[in-house]
Amino acid sequence: MQLKAGSALRATQDSIRSCSKLRNVAIPAAIRTRSLQHQLAPFHHGSAVGSRVGCPAPLKAVKADAQAEQLDTAMLRLIADVSKQVDEAVAATVFSNNEAARRMEFSPDSDLRQRVVASIQKLAKGLLERDVEVRLLLLAALCCEHLLLLGPPGTAKSELSARLSSLCGGTYFERLLTRFSVPEELFGPLSMKGLENDLYVRQINGYLPTAEVAFVDEIFKANSAILNALLTLLNERLFDNGNQRLRAPLLCLVGASNEMPESEELDALYDRFLIRRTVSQVSNNQLYKLARLAAGRNDHALTGVAVANGNGNGNGSADVGSASQQQQQVLAMEDFRGTATAAYDSVDVPDSVIDLLTGLRNYLQDKCEPPLYVSDRRFMKAVRMLQVAAHADGRDQVNEYDCLLLEHVFGNRPDDGVKVRQQVLELVAADPGLQQAELVLLGLFGRTCRLLEGPEDASELAAASAEVSQLVELLSSRHAALAANLEGDGFPELRATLWQAEASVAAAVQTLVPQMTENRKKVEDLLREAHTLAAVLRNPSATASLLERLLPKRFKQYQKGISAKA
């Protein structure tokens with residue numbers, strides 16, 4: 001019996017070797033081991049019947065294993081071919097998008113943008129660490145809105161408003177309020193002639209109702225007698241003078257305070273200021289330059305303000321030609337009066353920005369701790385402000401980076417701006433479209449498996465291939481957008497905006513890069529899977545087992561879905 005088993009083993013080995021030589025393919029160790037164990041099984045029982053009946057078994061086993069080996073070899077070759085096609089397609093897309101991103105130039109330009117650049121430089125000349133305040137003041141004036149500056153005395157708050165009046169050539173009014181201030185200080189004295197004629201009117205010439213640019217210091221010390229008239233003047237631009245309601249020419253009022261409003265009756269006044277900014281002293285490392293400025297060393301190396309030009313955020317200086325040229329280049333009063341209307345008519349707000357805005361408001365009111373209330377009026381004005389910012393920037397569409405300005409719009413306390421900015425950056429980097437693309441991919445994967453498992457249907461295969469191709473295009477475009485932000489100088493749209501200072505851009509980029517890098521990796525993985533589905537659908541010999549080997553994780557998800565439905 002032992003001789004018979006040994007001769008059968010040698011015959012099996014010789015048979016396998018001969019088959020291997022004919023096909024010129026090496027036999028995997030697992031296959032050799034499995035076939036030998038299968039063939040030797042009848043000899044391990046030791047029965048006479050087993051020895052007689054089991055003699056022909058090795059030849060049948062060799063034939064079955066040879067067929068299995070042929071199937072495995074064909075499958076391996078098919079897997080290798082599909083993988084090669086997918087690797088080449090993904091590599092070509094990644095290379096093309098990265099090269100295009102490195103060559104990308106984003107240079108918005110318009111006559112209005114050039115005047116805005118010159119105006120920013122003129123307003124900032126001779127001021128240190130006031131880049132953000134200058135930009136916000138100019139943006140508020142272009143929106144015909146008001147700016148609130150919170151901070152200690154001596155931080156150039158009144159200087160900024162006076163410079164704005166000089167820039168646009170508008171009439172200027174300035175006043176400091178105290179707890180004992182009376183309405184006459186803001187709105188003008190009562191007319192003696194009017195009283196003689198039984199008319200309660202004021203002489204408003206030279207006072208706030210006739211001013212185009214105004215600065216009111218310690219504005220939250222306004223009493224109730226001042227407050228009612230001030231609210232109507234700020235919001236509706238109307239002033240009740242006796243029995244007449246007059247339209248006020250007020251363009252922008254800059255309010256200043258050393259402290260936040262404490263009483264509830266001042267909440268309405270606080271809400272009238274669309275843009276709010278906390279102003280700090282000049283930092284210690286800039287005191288040398290401050291001393292140089294005080295000594296009259298007004299060279300542009302100390303007073304220049306970086307203004308974005310094209311893809312950079314570090315271009316520009318305070319000197320932009322002669323005085324006559326500078327006067328021609330800066331914004332005029334008609335620019336401030338007409339920019340907002342032009343922006344509402346010409347600038348679009350895409351769905352991605354609207355989704356970000358609604359998500360931000362929902363987070364601030366429902367999930368933030370403590371909740372930050374954003375009124376409907378403030379929300380609408382914020383959207384219009386973003387349109388003005390884009391229009392003045394030379395663009396016809398608001399982008400997601402414009403929403404970083406909302407840190408100065410939403411929130412009630414000075415430290416709320418940090419929460420708003422952080423949430424905006426998280427929403428920008430989150431990219432919910434990736435999750436949707438993955439769900440679409442899962443649906444297409446299940447559809448492909450069902451098509452491969454069932455009878456062949458040419459029309460269904462063609463329809464599935466078309467949908468996979470659309471998904472590939474969508475993922476390729478998303479990868480291109482991420483590459484545009486991560487390759488080359490990076491974030492060209494953010495760096496080209498006029499409304500973000502250099503420090504703000506650098507901080508935003510540092511926050512966005514890690515998450516966007518991870519998103520790009522996810523897009524490449526999804527793109528690889530989509531290309532795999534496309535290659536399988538194109539191959540007439542493909543089966544569901546091929547997908548199982550190429551995308552095992554997705555196949556397990558597919559099987560779990562079937563089990564859950566069952």
Side-chain angles (χ1 to χ4, degrees), residues 97 100-101 104-110 112-113 116 139 142-143 274 308 310-311 339-364 374 376 378-410 420-421 423-440 470-471 473-486 490-500 504-505 508-509 511-512 515-516 519-520 522-523:
N97 289 340
M104 180 180 294
E105 293 184 3
F106 183 79
S107 301
D109 194 18
S110 65
L112 178 61
R113 178 186 168 94
V116 171
L139 180 58
L142 288 171
C143 296
L274 178 64
N311 288 323
T339 297
T341 302
Y344 304 153
D345 294 337
S346 61
V347 177
D348 184 33
V349 183
D351 292 341
S352 60
V353 175
I354 294 177
D355 291 342
L356 192 153
L357 290 170
T358 54
L360 177 63
R361 175 174 164 169
N362 292 337
Y363 169 80
L364 294 177
V374 180
D376 293 343
R378 178 165 292 272
F379 183 81
M380 293 177 62
K381 286 187 175 183
V383 175
R384 294 171 181 172
M385 183 197 72
L386 298 182
Q387 289 179 283
V388 173
H391 182 66
D393 220 0
R395 293 179 276 118
D396 59 0
Q397 185 171 280
V398 177
N399 62 43
E400 295 176 341
Y401 302 115
D402 292 328
C403 296
L404 290 172
L405 291 168
L406 298 178
E407 69 171 300
H408 309 293
V409 179
F410 295 162
V420 175
R421 181 182 177 86
Q423 184 60 24
V424 169
L425 290 173
E426 289 184 6
L427 291 173
V428 170
D431 198 352
L434 284 181
Q435 185 176 2
Q436 297 176 359
E438 185 172 7
L439 293 176
V440 172
Q470 291 178 357
L471 179 60
E473 292 179 4
L474 177 65
L475 292 171
S476 298
S477 63
R478 187 58 200 144
H479 185 274
L482 290 168
N485 285 324
L486 297 174
F491 299 89
E493 289 183 300
L494 177 58
R495 295 184 186 277
T497 183
L498 299 175
W499 305 112
Q500 295 291 330
S504 177
V505 171
V509 169
T511 302
L512 291 172
Q515 182 62 49
M516 285 195 171
N519 289 346
R520 181 167 66 170
K522 291 180 180 178
V523 170

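Starting from 1, each residue takes its place in the sequence as its number. Just so you know, these numbers use all the heavy atoms, side chains as well, and skip hydrogens, waters and symmetry mates.
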Going by heavy atoms in the side chains, are [X] and [Y] under 4.5 Å from each other?
| X | Y | value |
| --- | --- | --- |
| Asp402 | Arg395 | yes |
| Val383 | Val349 | yes |
| Asn485 | Leu512 | no |
| Leu360 | Cys403 | no |

Among Thr497, Val505, Val428, side chain to side chain contact (heavy atoms under 4.5 Å, CB included) partner for Tyr401: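 Between Tyr401 and the candidates, side chain to side chain contact (heavy atoms under 4.5 Å, CB included) is satisfied uniquely by Val428.
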Glu400 pairs by side chain to side chain contact (heavy atoms under 4.5 Å, CB included) with which of Leu425, Leu427, Val353, Val424?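 Option passing the side chain to side chain contact (heavy atoms under 4.5 Å, CB included) with Glu400: Val353.
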Could you measure the distance from the [atom1] atom of [X] to the [atom2] atom of [Y]? Nearest 0.5 Å is fine.
| X | Y | atom1 | atom2 | answer |
| --- | --- | --- | --- | --- |
| Asn362 | Thr358 | CG | OG1 | 6.0 Å |
| Met380 | Leu274 | CE | CG | 12.5 Å |
| Gln387 | Met385 | CD | CE | 11.0 Å |
| Asn97 | Leu482 | CG | CG | 9.5 Å |
| Thr339 | Leu112 | OG1 | CG | 5.0 Å |
| Ser476 | Leu471 | OG | CG | 9.0 Å |

For Ala340, all residues meeting side-chain contact (heavy atoms from CB on, under 4.5 Å), sequence neighbours excluded: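 Scan of Ala340 (side-chain contact (heavy atoms from CB on, under 4.5 Å), adjacent residues dropped) gives Tyr344, Val388.
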Between Asp396 and Ser346, do the side chains contain an N or O donor and an N or O acceptor separated by less than 3.5 Å?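 Side-chain D/A pair, Asp396 to Ser346: absent.
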Can a donor-acceptor pair be found, under 3.5 Å and without considering hydrogens, that links the side chain of [X] to the backbone of [Y]?
| X | Y | answer |
| --- | --- | --- |
| Trp499 | Ala389 | yes |
| Arg495 | Gly490 | yes |
| Asn399 | Glu493 | no |

With Glu407 via salt bridge (Lys or Arg N to Asp or Glu O under 4.0 Å) - residues at least two apart: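 Glu407 satisfies salt bridge (Lys or Arg N to Asp or Glu O under 4.0 Å) with Arg421 once adjacent residues are dropped.
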If you look at every heavy atom in [X] and [Y], which pair is closest and at what distance?
| X | Y | answer |
| --- | --- | --- |
| Ala390 | Val347 | CB-CG1, 3.9 Å |
| Ser110 | Gly394 | OG-CA, 3.8 Å |
| Asp393 | Ala496 | OD1-O, 3.9 Å |
| Ala484 | Pro492 | O-CD, 3.3 Å |

Would you verify whether the NZ or CZ of Arg361 falls within 45 degrees of the ring axis of Phe410 while also being under 6.0 Å from that six-membered ring's centre?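 Geometry flag: not set, cation outside 6.0 Å or 45°.
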Taking only Lys NZ, Arg NE, NH1 and NH2, and the carboxylate oxygens of Asp or Glu, determine whether Asp376 and Lys381 approach each other closer than 4.0 Å.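 Salt bridge between Asp376 and Lys381, a charged N being under 4.0 Å from a carboxylate O: no.
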Using 4.0 Å as the upper bound for N to carboxylate O, is an ion pair formed by Asp431 and Lys522?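 No, no charged N to carboxylate O under 4.0 Å.
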Atom CD of Gln397: over 12 foreign heavy atoms under 6.0 Å: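 Atom CD in Gln397 is packed in, count exceeds 12.
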